[in-house]
Amino acid sequence: MSQNERFVKKITPKSVDFSRWYVEIIQKTELADYAPIKGMMVIRPYGYSIWENIQSIVDKRIKESGHTNAYFPLFIPEGFLQKETEHLKGFAPEVAWVTHGGSDELEERLAVRPTSEAIIGNMYAKWIKSWRDLPVLINQWANIVRWEKVTRPFLRTTEFLWQEGHTAHETSEEAQEETLMILSLYKEFVETELAIPVISGMKSEREKFAGAMKTYAIEAMMSDGKALQMGTSHNLGQHFSKVFNIRFEDRNQKLQYVWQTSWGVSTRLVGALVMAHGDDSGLKIPPRIAPFQVVVIPIAIGDWKKNILPKAQEIANGLKKKGVRVKLDDREEFTPGWKFSEWEMRGIPLRLEIGPKDIEKGQVVTVRRDTGQKEALAQASLDKKVIEFLSDIQKNMFEMALKFQEENTHEVKDYAEFKAVMESKRGFIKTFWCGDTACEEKIKDDTMATIRVIPHDIEKKKNSRKCIRCQKPSESLVYFAKAY
RNA sequence: CGGGGAGUAGCGCAGCCUGGUUAGCGCGCCUGCCUUGGGAGCAGGAGGUCGUCGGUUCAAAUCCGAUCUCCCCGACCA
């Protein structure tokens, strides 16, 4: 079959208009729909099931690494937010306020949480008294409201869903270790399950979380060459413990402030999935998080309910028993061709077709979403082959994304080339930077590119290099990109 | 928040400039027949407070004002 032929015709090709392509995919595959309130969306069942799959895997990993779940209030008293100055400055412009309860005006306004450091800090102060109470390792799954001026489904919505971990430790070293452990947990999750390669590292001062001592992040390249932050892990130092008075008596009977971290991933990951893997035919969902991994389409010809459907059911049930998520599409009102396009657009990794010719030959036709490859397989060995296919598709999707990332990561010889690359090709620019925020600002003004990440494993090594813009000595290798 | 564009049936659009019977078209939807290996065909049918509120007028989808939402480009920002 021709790889160039476009079977799915109702989506604007992404080469024509990337933004439009993105929004159309989301609506037409029923991931989400716009709600009648600015910046808010409804996550529809198909989109929500992807989020649930993400959730259950992340939740498992968080618990395996020693954390437990809890739940804190949606509202935060204004006074709590004001305690950490940087935190307040960072979030004040985008906080939604509750001013009334029924018809009575509240004495103190309540913030709808933009993040929960403040309310959790307040509780930790009550709970933590001794070094024996530490570490506190708590995570919560919650909704968050940030009154953003520019919104986009999944990438930046007024309300979104996430998990936020909040931990408290005895020592600075322990907090730093936790911060980096979570960062690598996120990286491993995104690469293994979402099949999206990421660059991990530290944020510059300009880009760090409001109130953090250090912010680390994983950044991925979307297929238009722009960067998307996929998750963050903050070392909060003692910024919050000092203002919320979270103190404990240490092993030497001295009062100390705890060292804290916070970290999160959100429903933005669903948007990343669309933009990192999708093509002109629609979504491509990696098998490990796809709502359905396999769709079985019986070809309805003649007395198909008697001759074909039972075999299709048998195949579907056999795969289900092996733990494969299978959808049998036996709807009568659609033709096979229609179903092929529909499930292709929805990004199901593997399609099985079974018709009279296949019954005759004892085979099933398989079509991979990642490559479009069509292959007839013997029914006898089908289960085993399907499982192999799924793991191969997962691997191949990661490799294709990695190849794209590598091909679009540029090293430039001077600032003129830097500007030229940002204007034409986009992608990541891997280069050296002096460490000065003013210089970083200037680069942003000139090119719209910001520092996405300072890879931590090499951040101190190459001290003989010079800043790409100002030529001052540089210690930091950094990645620049235009970001979402 | 600044500049630009848009909102008419589930989706995509025409009509608006130049106000005037019953607001159209394609796809989708419903019923029936017939079909089904890459988005079938025929026949019949349903579906609209023209985003919302107000104004002008004998009369408003159409003119005026406000407002809400979406898209693009900036500013801001996980």
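Chain naming here is simple, since letters A, B, ... match the order of the sequence lines and numbering starts at 1 in each.
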**Asked** What string of B, S and - do you get for nucleotides 66-71 of chain B, 5' to 3', if B is base contact, S is sugar-phosphate-only contact and - is no contact with any protein heavy atom under 4.0 Å?
**Response** ---SSS
Rounded to whole angstroms, how far apart are [atom1] on [X] and [atom2] on [N]?
X	N	atom1	atom2	answer
A/Trp338	B/U36	CH2	C1'	14 Å
A/Asn307	B/U36	CG	C1'	14 Å
A/Tyr484	B/C76	OH	C1'	18 Å
A/Glu148	B/C76	CD	C1'	9 Å

**Request:** Tell me whether the guanidinium CZ or amine NZ of A/Arg351 lies under 6.0 angstrom from the six-membered ring centre of A/Phe340 and within 45° of its axis.
**Result:** yes
So what does [X] hit on the nucleic acid, given a heavy-atom distance under 4.0 Å: a base, only sugar-phosphate, or nothing?
X	result
A/Lys208	nothing
A/Arg346	nothing
A/Glu353	base
A/Met230	nothing
A/Lys357	base
A/Asp358	base
A/Pro93	nothing

**Asked** Which pairs, with at least one residue in residues 260-281 of chain A and sequence neighbours excluded, count as a ring-ring contact (aromatic ring centres under 6.0 Å, His included)?
**Response**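 Every pair satisfying ring-ring contact (aromatic ring centres under 6.0 Å, His included) with a residue in residues 260-281 of chain A: A/His67-A/Trp263.
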Tell me, please, which residues at least two apart from [X] pass ring pair (Phe, Tyr, Trp, His ring centres under 6.0 Å).
X	result
A/Phe334	A/Trp338
A/His166	none
A/Phe404	none

**Asked** With no hydrogens and no angle check, is any side-chain donor or acceptor of A/Tyr22 less than 3.5 Å from a backbone partner on A/Asp17?
**Response**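 Answer holds: no.
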**Request:** Using the salt bridge (charged side-chain N to carboxylate O under 4.0 Å, His left out) rule, collect all pairs that involve residues 215-234 of chain A, keeping only residues at least two apart or in two chains.
**Result:**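 Listed by first then second residue: A/Lys203-A/Glu219, A/Glu219-A/Arg452.
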**Message:** Can you pull out every salt bridge (charged side-chain N to carboxylate O under 4.0 Å, His left out) where at least one residue sits in residues 331-340 of chain A? Sequence neighbours excluded, please.
**Reply:**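 Pairs touching residues 331-340 of chain A that pass the test: A/Lys305-A/Glu332, A/Asp329-A/Arg331, A/Asp329-A/Lys339.
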**Prompt:** Distance between the P atoms of B/G51 and B/A61, in whole angstroms?
**Reply:**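 About 10 Å, rounded to a whole number of Å.
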Output a table of nitrogen or oxygen pairs between the protein and nucleotides 25-35 of chain B separated by less than 3.5 Å.
none

**Minimum-distance nucleotide to A/Val150 side chain [options: B/G38, B/U36, B/G74]** =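 Output: B/G74.
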**Request:** Could you tell me which residues satisfy side chain to side chain contact (heavy atoms under 4.5 Å, CB included) with A/Arg206, sequence neighbours excluded, listed by chain and number?
**Result:** A/Ser204, A/Thr437, A/Glu440, A/Glu441, A/Lys444, A/Thr450
